[in-house]
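What follows is one structure encoded as structure tokens, with my remarks underneath.
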Number of protein chains: 4
Amino acid sequence: MSTTTEGTKPSRKGPTRSEASKAAILEATRVEMAETGWRGFSVDSVAKRASASKQTIYRWWPSIGAMCVDAALALIPDSPDGGRDPQERITALIVPLEATARTGNGHAVLRVALLAAADDKDAGDLWRAWIGRDIRQPLRMLLAELAGKRVIRRDFDLDEVIELLLGPLWHRLMIMRAPVREGFCAEQAGNCLRVYATF
Amino acid sequence: MSTTTEGTKPSRKGPTRSEASKAAILEATRVEMAETGWRGFSVDSVAKRASASKQTIYRWWPSIGAMCVDAALALIPDSPDGGRDPQERITALIVPLEATARTGNGHAVLRVALLAAADDKDAGDLWRAWIGRDIRQPLRMLLAELAGKRVIRRDFDLDEVIELLLGPLWHRLMIMRAPVREGFCAEQAGNCLRVYATF
Amino acid sequence: MSTTTEGTKPSRKGPTRSEASKAAILEATRVEMAETGWRGFSVDSVAKRASASKQTIYRWWPSIGAMCVDAALALIPDSPDGGRDPQERITALIVPLEATARTGNGHAVLRVALLAAADDKDAGDLWRAWIGRDIRQPLRMLLAELAGKRVIRRDFDLDEVIELLLGPLWHRLMIMRAPVREGFCAEQAGNCLRVYATF
Amino acid sequence: MSTTTEGTKPSRKGPTRSEASKAAILEATRVEMAETGWRGFSVDSVAKRASASKQTIYRWWPSIGAMCVDAALALIPDSPDGGRDPQERITALIVPLEATARTGNGHAVLRVALLAAADDKDAGDLWRAWIGRDIRQPLRMLLAELAGKRVIRRDFDLDEVIELLLGPLWHRLMIMRAPVREGFCAEQAGNCLRVYATF
DNA sequence: CCATAAACGAGACGGTACGTCATGTCTTCAA
DNA sequence: TTGAAGACATGACGTACCGTCTCGTTTATGG
């Protein structure tokens, strides 16, 4: 799910990127994110913990925030298949986030990645690109189908739906710092269908 | 709407807190928040811009984040009277946030205050206290009344309602960095009523 | 003999320079000079050894080299009174350098200070200013007097005399890294008188 | 006049040392020496400027300082024949240094090479070996002959003569950073004869 | 009406981190 | 095996901030 290596150059003279170093850096980043938050996050500490050089970090990531988002994205699993039920199919799109937040230090990692995305341009671009690819795009297809079947209204705004679907999760993670109970995403999907239902 | 001066000491020898200095610091804080974000925010810069001493800042605020939240809260206007319509009454509770985000650098200030609240314990406490006092408490009264009149279901969870009401705003402000259109809060209030409607 | 504090400002608001910190930094500088030479010299090490912050070093010295020269100059004792004999009077001017080179780690400190002066503009200025004040100026007076008494020729070039007087010391210290035997400066003074003697 | 290639290996498999690369590196070294001094000197910059790999540099020179001295020595011309006059014969030994210092960036290159020699063991050994071979050894023969002819005293110390002869040049080059006028070395030779004259 | 104590500006200080640059080693590819 | 290209761990560079700590000055009581 990591994004920075995609689009590898064909072949060059000289050494290639060390995958061991990359993995160590991302893992160290996650640990530091959970321990120190966003403002207290330090590249020096990550480098020391990963036995990596700062240069290596700055060589491969455009900013600290982008590295944090990258480290968080690498934690998010793939979406399960959704089945046939509309609510289940919507839930399937966002449940990987819930799963991440409910596993290990995922809650804190996700929170800090969101902070990074909101505070740093490169990180924000990375995060929005992920949302676009993994949530917005499939959701568009799904909602178009449901609207065609008259399950939901046709005059919805895709971005408003996303706000409604994801907003509550951000409130939990960032404002309340509260744990995310199982089924949280399913509830949000249900709320969405209720709001946009045709009746 | 500022919170740190409340609870004035009885009487002491010597000069009292300089309101001019306080105002200059809060205003400088807002400017810096909008310019540098949260991770780049610096007390030194605020002190220099406000022609204040760092000691003065550290004397009156428990943490940098608390100062940022304080500076943002001072920007939020009071709620208007809500009228009789349920949707209008809910809207009235959250519309001050929308108004702040739509005025001057309020969008950025609010965003950084949220970052501070999510990243710093003192700031988070301050922000959650404000939500509790200015949103949660009046909303509880209002929803109880509406439930009594069978306008909404009785088995709602107050905090879920708040998530549904505020979450979309956080998504706009922090994730998308998109401007908040007029009427945004009214739409959220409508969505809430639709989700919790009895029918 | 240190030069950077001379010309103290009359009085200012706020704290003043910490003399304890200054002394610790200069002493640490001398130790590091002797241990690591000039190219290997590190401000970080000095700061750590002196329990000082790098900012404090950069605040008070214009460059690393200037600090090194300053640290060396602080080691050079004052000139003794010269007596009546011409050779003794010349010797007295340069014997403090010999004494420094013959004491403790003075040999290495002096060598590194010379390297700094030759490699760094600020350090060179500082060093040449010291030579001008402590050697060139008194030597000019002395030679003028000796020329008046026909002890030496009148058509000498002051800077050539200085070259003749100090050059051999630099060769010892820098090129050969050889110890400086007692009486070395007296010999150089004798050579000078011989070169410029009237006969 | 370069010293590191002397003693060529008998014969090996694979390509031999590239003289083009060596020349480019030494020339780039000279340019960098003149531009950045000794402490600011960087192998990376030399490699980039010479379009060479760092590995190639580290393969052929024992240390950075040695490379610098090597680059400077390559600039020093051979001694001219000295004629019959004692002063001219001494002058001939040291005039190549003067000539180097008076040509192109030779002044700076020589200065930095001396800094390297004084700061780095390998470089110092290289420099002292050159002095031994090109100055000390021929000077010993010459002085012995002059002493035999009673032109100079017999109780001189060879190394003191060298100090007297070269020291003033170091003072010029390193301490004063002053240009070396034509005839400078001849004057030093004259001074030496005067000091050690029999009369 | 002082005197005393707190508030304030200014800013030095010991630290930690920043983002960049250099060192010396290593790896990959071409010749 | 040489050499260009360059990634890598290490560590220093010079700057910026943090939070604490003097300094002198100003200002409001309380003796």
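Lettering of chains follows the sequences in order, A, B, ..., and the numbering in each one begins at 1.
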Remember a base hit wins even if backbone is also touched, and classify D:Ala52 as base, sugar-phosphate or nothing at under 4.0 Å, heavy atoms. sugar-phosphate
Is there a donor and acceptor pair, one atom on the side chain of B:Lys54 and one on the base of F:dG19, closer than 3.5 Å? yes
Rounded to whole angstrom units, what separation is found between the NZ atom of A:Lys48 and the C1' atom of F:dA12? 14 Å
Pairwise side-chain contact, B:Trp127 with B:Leu73, heavy-atom cut-off 4.5 Å (strictly under): yes
Mapping B:Thr16 and A:Ser51 onto DNA chain F by nearest heavy atom, which one lands closer to the 5' end? A:Ser51
When the nearest nucleotide of DNA chain E is assigned to D:Ser53 and to D:Gly40 on a heavy-atom basis, which residue is associated with the more 5' position? D:Gly40
4.5 Å side-chain heavy-atom contact, B:Thr29 and B:Phe41: yes
Using whole Å, report how far NZ of A:Lys22 lies from P of F:dC8. 11 Å
Does a side chain donor of either A:Ser42 or A:Ser45 reach within less than 3.5 Å of an acceptor in the other side chain? yes
Over how many whole Å does the gap from D:Gln55 atom CD to F:dG6 atom P extend? 15 Å
Can you check the A:Asp44 CG to F:dA16 C1' distance for me, whole Å? 14 Å
Does a side-chain N or O of B:Arg59 approach OP1 or OP2 of E:dA6 to a distance below 4.0 Å, or not? no
Would you mind telling me which of E:dA17, E:dA7, F:dC13 lies closest to the side-chain atoms of B:Pro15? E:dA7
When all nucleic acid strands are considered with a 4.0 Å heavy-atom cut-off, which category describes A:Ser42: base, sugar-phosphate, or nothing? sugar-phosphate
Please figure out whether D:Ala50 or C:Ser45 has its closest DNA chain F nucleotide nearer the 5' end. D:Ala50
Distance check needed: E:dC21 P versus D:Ile64 CD1, whole Å only. 18 Å
Rounded to the nearest angstrom, tell me the gap between atom CH2 in B:Trp38 and atom C1' in F:dC17. 13 Å
Which of E:dC8, F:dC21, E:dT20 is nearest the side chain of B:Ser18? It is E:dC8
Are C:Asp125 and C:Arg128 packed together at the side-chain level, in the sense that at least one heavy-atom pair is separated by less than 4.5 angstrom? yes
Can you measure D:Phe41 atom CZ to E:dC21 atom P for me and round it to whole angstrom units? 18 Å
Within the structure provided, determine whether C:Trp61 and C:Ile25 are in side-chain contact (heavy-atom separation under 4.5 Å). yes
Report the distance from atom CH2 of C:Trp61 to atom P of E:dC13, rounded to the nearest whole Å. 9 Å
Students often get this wrong, so: under 4.0 angstrom with heavy atoms, is B:Ile57 touching a base, only sugar-phosphate, or nothing? nothing
Looking at F:dT2, I'd like to know if its phosphate oxygens (OP1 or OP2) sit under 4.0 Å from a side-chain N or O belonging to D:Ser21. no
Side chain of C:Tyr58, heavy atoms from C-beta onward: which of F:dG14, E:dT23, F:dA12 has the nearest atom to it? F:dG14
Is there a side-chain polar atom (N or O) of D:Trp60 under 4.0 Å from OP1 or OP2 of F:dT1? no
Regarding C:Ile25, tell me which of base, sugar-phosphate or nothing describes its non-hydrogen contacts under 4.0 Å with the strands shown. nothing
May I ask you to decide whether D:Asp44 forms a salt bridge with D:Lys48, counting only side-chain N to carboxylate O separations under 4.0 Å? no
Below the 4.0 Å mark, does E:dG14 have OP1 or OP2 next to a side-chain nitrogen or oxygen of C:Thr56? yes
Looking only at side-chain atoms of B:Arg39, point me to the closest of F:dA7, F:dC13, E:dC18. E:dC18
